[in-house]
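As structure tokens, the structure follows; a few thoughts come after it.
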Protein chains: 2
Amino acid sequence: MDKTKRTRLEAAGWRVGDASDFLELTAEETAFVELKLALADYLRDIRVQHGWTQTHVARVLGSSQSRVAKMEAADASVSVDLLVKSLLALGASRKQVGQVIARAA
Amino acid sequence: MDKTKRTRLEAAGWRVGDASDFLELTAEETAFVELKLALADYLRDIRVQHGWTQTHVARVLGSSQSRVAKMEAADASVSVDLLVKSLLALGASRKQVGQVIARAA
DNA sequence: GACGCCTATGTCGTATCTGACATATCATCA
DNA sequence: TGATGATATGTCAGATACGACATAGGCGTC
């Protein structure tokens, strides 16, 4: 498994199979985490492309810098709801959100 | 506004502008609700196409019949997380979920 | 080094979501 | 009509996610 992805999965709160090189996730769990990571990456892309800081985005969303950081990290404490709402609030369209989710890993 | 959609939005817990014929929702809120409705419809489609009952789906998901009913109604108490996880658990792919979201209203 | 700015991580009280249960509504059929 | 099966609605205790705050790490510039 790709090391950076594994690290991101761990960071997102998913257990990594100790000695084994495989995550012990069902297919659904894997798909769900990848979906979240895709949204998180997209959120960061939008922010960086606009030259915004996490603090600025937090102000726009009515949230806090720390939560924005967790969103971009696809932290386990962040829901897909929050990611989707945030993306829409930052100007992404429903169609764009869907495309980001549908795009292959 | 289309009457059945309006009814569904109300049922989903969104306030409808009293005398006015328009929902007082921002563009983001509208997009978010439509996104949820699309997932809810898709969930029902999958279930019906397989000839499953809500009770059967609930058993598969480890949930209850009432929650499945609320999912299909895009009830305000149902998160996008739950809808997405349920769809994936029922065999939908990440790509399919994305396409359903991206598809125009 | 010290400062400023940005991002990451940990924790906490509160708000929201969840599964479960009870019950209601609605068909279909005998 | 009554009975049976499916779906809808209301409620609640426990679980999870939220914004907020504190603080740490990284990285330039002086």
Are the side chains of [X] and [Y] in touch, meaning some heavy atoms are under 4.5 Å apart?
X: E72(A); Y: V68(A); answer: yes
X: K85(B); Y: E28(A); answer: no
X: Q96(A); Y: V100(A); answer: no
X: Y42(B); Y: L83(B); answer: no

Next on the checklist: Looking at every heavy atom in both Q65(A) and Q54(A), which two are closest together, and how far apart are they?
Outcome noted: NE2-OE1, 2.9 Å
Next on the checklist: Using a 4.0 Å heavy-atom cut-off to protein, can you give one letter per nucleotide of nucleotides 16-25 of chain C, 5' to 3': B if the base is in contact, S if only the sugar-phosphate is, - if neither?
Outcome noted: -SBBBB----
Item to check | Phosphate OP1/OP2 of dT7(C): any R44(A) side-chain N/O under 4.0 Å | outcome: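 So the side chain of R44(A) is outside the cut-off, no N or O lying under 4.0 Å from OP1 or OP2 of dT7(C).
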How far does [atom1] of [X] sit from [atom2] of [Y], to the nearest 0.5 angstrom?
X: R47(A); Y: T53(A); atom1: CZ; atom2: OG1; result: 7.0 Å
X: L88(B); Y: E29(A); atom1: CG; atom2: CD; result: 10.5 Å
X: M71(B); Y: S86(B); atom1: CE; atom2: OG; result: 4.0 Å

Item to check | Those residues that, when tested against R67(A), pass salt bridge (Lys or Arg N to Asp or Glu O under 4.0 Å) (two or more places apart) | outcome: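 With neighbours one apart ignored, the set is empty.
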Tabulated below should be each protein N or O lying under 3.5 Å from an N or O of nucleotides 13-15 of chain D; please produce it.
none

Checklist entry - Rounded to whole angstroms, how far apart are CG on D75(B) and P on dA8(D)? => result 11 Å
Next on the checklist: Going by side-chain hydrogen bond (donor to acceptor under 3.5 Å, both in side chains), name the residues that satisfy it together with S64(A), two or more places apart in sequence or in a different chain.
Outcome noted: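 Applying side-chain hydrogen bond (donor to acceptor under 3.5 Å, both in side chains) to S64(A) gives S66(A).
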Checklist outcome for this item: Axis-to-axis angle for the helix from dG1(C)-dC30(D) to dA30(C)-dT1(D), ends of five pairs each, to 10°, equals 30°
Next on the checklist: Classify the ring geometry of W52(A) against H50(A): parallel below 30°, tilted from 30° to 60°, perpendicular beyond 60°.
Outcome noted: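 It falls in the parallel class, under 30°.
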Checklist entry - Listed in order of residue number, which residues of residues 51-60 of chain B have a non-hydrogen atom at under 4.0 Å from DNA chain C? => result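 Hits under 4.0 Å, by residue number: none.
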Next on the checklist: I'd like to know if the side chain of R44(B) and the backbone of A73(B) have a donor-acceptor N/O pair within less than 3.5 Å.
Outcome noted: no
Checklist entry - Got a donor-acceptor contact below 3.5 angstrom from the K36(B) side chain to the V78(B) backbone? => result yes
